[in-house]
Amino acid sequence: MAESEAVMKVEDTSAASKATEPTPSKKDGDAETENIEELEMKGLKIVENVDDIVDEPGHIKSEELIEPETIKKVVADDTPYTSAKSFEDLNLSQELLQGLYSEMKFEKPSKIQAATLPMIVSPPYQNLIAQAHNGSGKTTCFVLGMLSRIDPQLKAPQALCVCPTRELVNQNEEVVTRMGRYTGITTASTATVETPSHLYSSRREKIVDQLVIGTPGTLKRWITKDKALDTRNIKILVFDEADQMFDQDGFQDDSLRLWRDINRSGKSCQVLLFSATFSEKVKSFAMKTIPKANYIFVEKEQLSLDVIRQYQIVCPDSRSKIDVLKNRIFPAAEKLGQSIIFVRTRGAASELHKCLEEDGHKCTSIQGGLTHEERDRVIKEFRAGETKILIATDVLARGFDQAQVTLVVNYDIPVKNTSNRHAYAEPDYETYLHRIGRSGRFGRKGAAFNLLVTQEDKRIMRSIEQHFNRNVPEVAWDNEEGIEHVLKDAGLA
DNA sequence: AAAAAAT
């Protein structure tokens, strides 16, 4: 099927940004990934430097830079995509441009946007699997993609965006609403509380909104059971946090099902996969599954955002983890901004919440066991800055974008679920990266503390260091000034 | 045993 595809590769670098939006930088790179090698083995031809993205180096202030990174772009056919140097290059409607400039306050495309947007918005509307750093402007890519492909005259669902959590659905809908403010495009979301009393009541009215955002379960029900979501006119399907959406241990079944339903009913539908992480397993599954796709990938070593300073704190016992949090981290953190404390289980979240509150620390917690209303309220308060400390399970590990978050604490180090209880716990590299990526949004500074107790904790931490090829320095748990000093060093205090 | 979504 792909025997005669010409493939081209672009090497470029990405950098961080100002408060509102990433600004790119330029540097040469010549790294090959397994991914590229795999493609070569499949007989695909790699063409060097067909397209290059050039930026004015003087444009970037040094403190805005993330470490230079290499992005691999692989194009599935011989379409000669030119990187978008400005949003005007993309043939967007006036209304959409107005949204970008006056509502979003964007000036020009970020590096990832420059590379992906032409592939998304121009014919033949090729499928895309794209990996880009946390906080590099991925959301803009797919939201702009969806908005630009919708026919404002046609009052029917034309774009669908699938997300792993309710919180992400809300956040993405917010971006859609803002960016699309002048287009008149309407949206529907599964997170909109329809009838609070009967949560799982079926939806009777047909959806006439043009852009639909949701979690997989409810979307599936809207399509198959309720027959409220007509998929015949859907021409673009987006998976946010796509590696989770295509992971066997995640939402793979639901995602494939949704995609199949749309393919059956409609004409050709463009599929976009976006995430900061793709494990080798999910990456090869996605590449096998999504036909004729363009690819954008980043090497794992390059993904670790070096603007986020990472530290490990070895604690003598699990009891002392709380003390470190209360006596060392909080006093320093409270002057900074907002913090998210990640724990492994729902129970641990409410337990830690209770424990900290009894000790007079104002905080809230969020996990999937809460009601939707409770979750919405906790997020609303945190967004408003009314709460500074938020305890969370991995419901918030991905995508949650709050600029004021400067500190992430891995109270429990992330491990993969293993069905074999005798096996060694396996580090969850992807979750680790997503969690620490909640700080340092758009190139701002951030810090992450990993609290370790057992030998297994330490082993997992070492694996994480090796995986991203980064040294994570240790801070003594009982050192009075250790934490404060380290935060100063991170440019935070 | 488990985050998440949802039945």
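Letters A, B, ... mirror the listed sequences (proteins, then strands); counts begin at 1. Small disclaimer: the values here were computed from a predicted structure and weren't measured.
Ranking B:dA6, B:dA1, B:dA5 by closeness to the A:T218 side chain, first place goes to B:dA6.
Nucleic acid contact for A:P216: none, since no nucleic acid atom lies under 4.0 Å from a heavy atom of the residue. Within the nucleic acid shown, A:D428 has no heavy atom closer than 4.0 Å to any nucleic acid atom. A:R398 comes within contact range of no nucleotide atom at all, as no heavy-atom separation falls under 4.0 Å. Residue A:Q367 is in sugar-phosphate contact alone, with no base atom involved, counting any heavy-atom pair closer than 4.0 Å across all strands shown.
By the 4.0 Å N-to-carboxylate-O rule, A:D243 lies close enough to A:R398 to be salt-bridged with it.
Taking atom CG of A:D253 as the reference point, atom C1' of B:dT7 lies 15 Å away to the nearest angstrom. One interatomic measurement links the two molecules: CZ of A:F251 to C1' of B:dA4, which rounds to 4 Å at whole-angstrom precision. Distance A:E430 CD to B:dA3 P: 19 Å, rounded to the nearest Å. For the pair A:D226 CG and B:dT7 P, the computed distance is 9 Å after rounding to whole Å. Across the protein-nucleic acid pair, A:D240 atom CG and B:dA4 atom P stand 17 Å apart, rounded to whole Å. Rounded to whole angstrom, the span from the CD atom of A:E456 across to the C1' atom of B:dA1 amounts to 14 Å. In this structure, A:R221 atom CZ and B:dA6 atom P are separated by 8 Å, rounded to whole Å. In this entry the distance linking CD of A:E167 with C1' of B:dA5 reads 12 Å, nearest Å.
Side chain of A:Q338 to main chain of A:T387: a donor-acceptor pair is present (N/O by atom type, distance under 3.5 Å, no hydrogens or angles).
A:F297 carries A:K283 over the face of its six-membered ring, with the cationic atom under 6.0 Å from the centre and within 45° of the normal.
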Side-chain polar contacts of residues 316-325 of chain A - donor-acceptor pairs under 3.5 angstrom, sequence neighbours left out - could you list them?
| unit_1 | atom_1 | unit_2 | atom_2 | d |
| --- | --- | --- | --- | --- |
| A:D317 | OD1 | A:R319 | N | 3.1 |
| A:D317 | OD1 | A:S320 | N | 2.9 |
| A:D317 | OD1 | A:S320 | OG | 3.4 |
| A:S320 | OG | A:D317 | N | 3.2 |
| A:S320 | OG | A:D317 | O | 2.6 |
| A:K321 | NZ | A:Y411 | O | 2.8 |
| A:K321 | NZ | A:D412 | OD1 | 3.3 |

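Checking the phosphate oxygens (OP1, OP2) of B:dA4, no side-chain nitrogen or oxygen of A:R375 falls inside 4.0 Å. Considering only side-chain N and O atoms, A:T215 lies under 4.0 angstrom from the phosphate OP1 or OP2 of B:dA6. Put simply, A:T393 has a side-chain N or O that comes within less than 4.0 Å of OP1 or OP2 on B:dA4.
Between A:H434 and the options A:T277, A:D428, A:D394, a side chain to side chain donor-acceptor pair (under 3.5 Å) holds for only A:T277.
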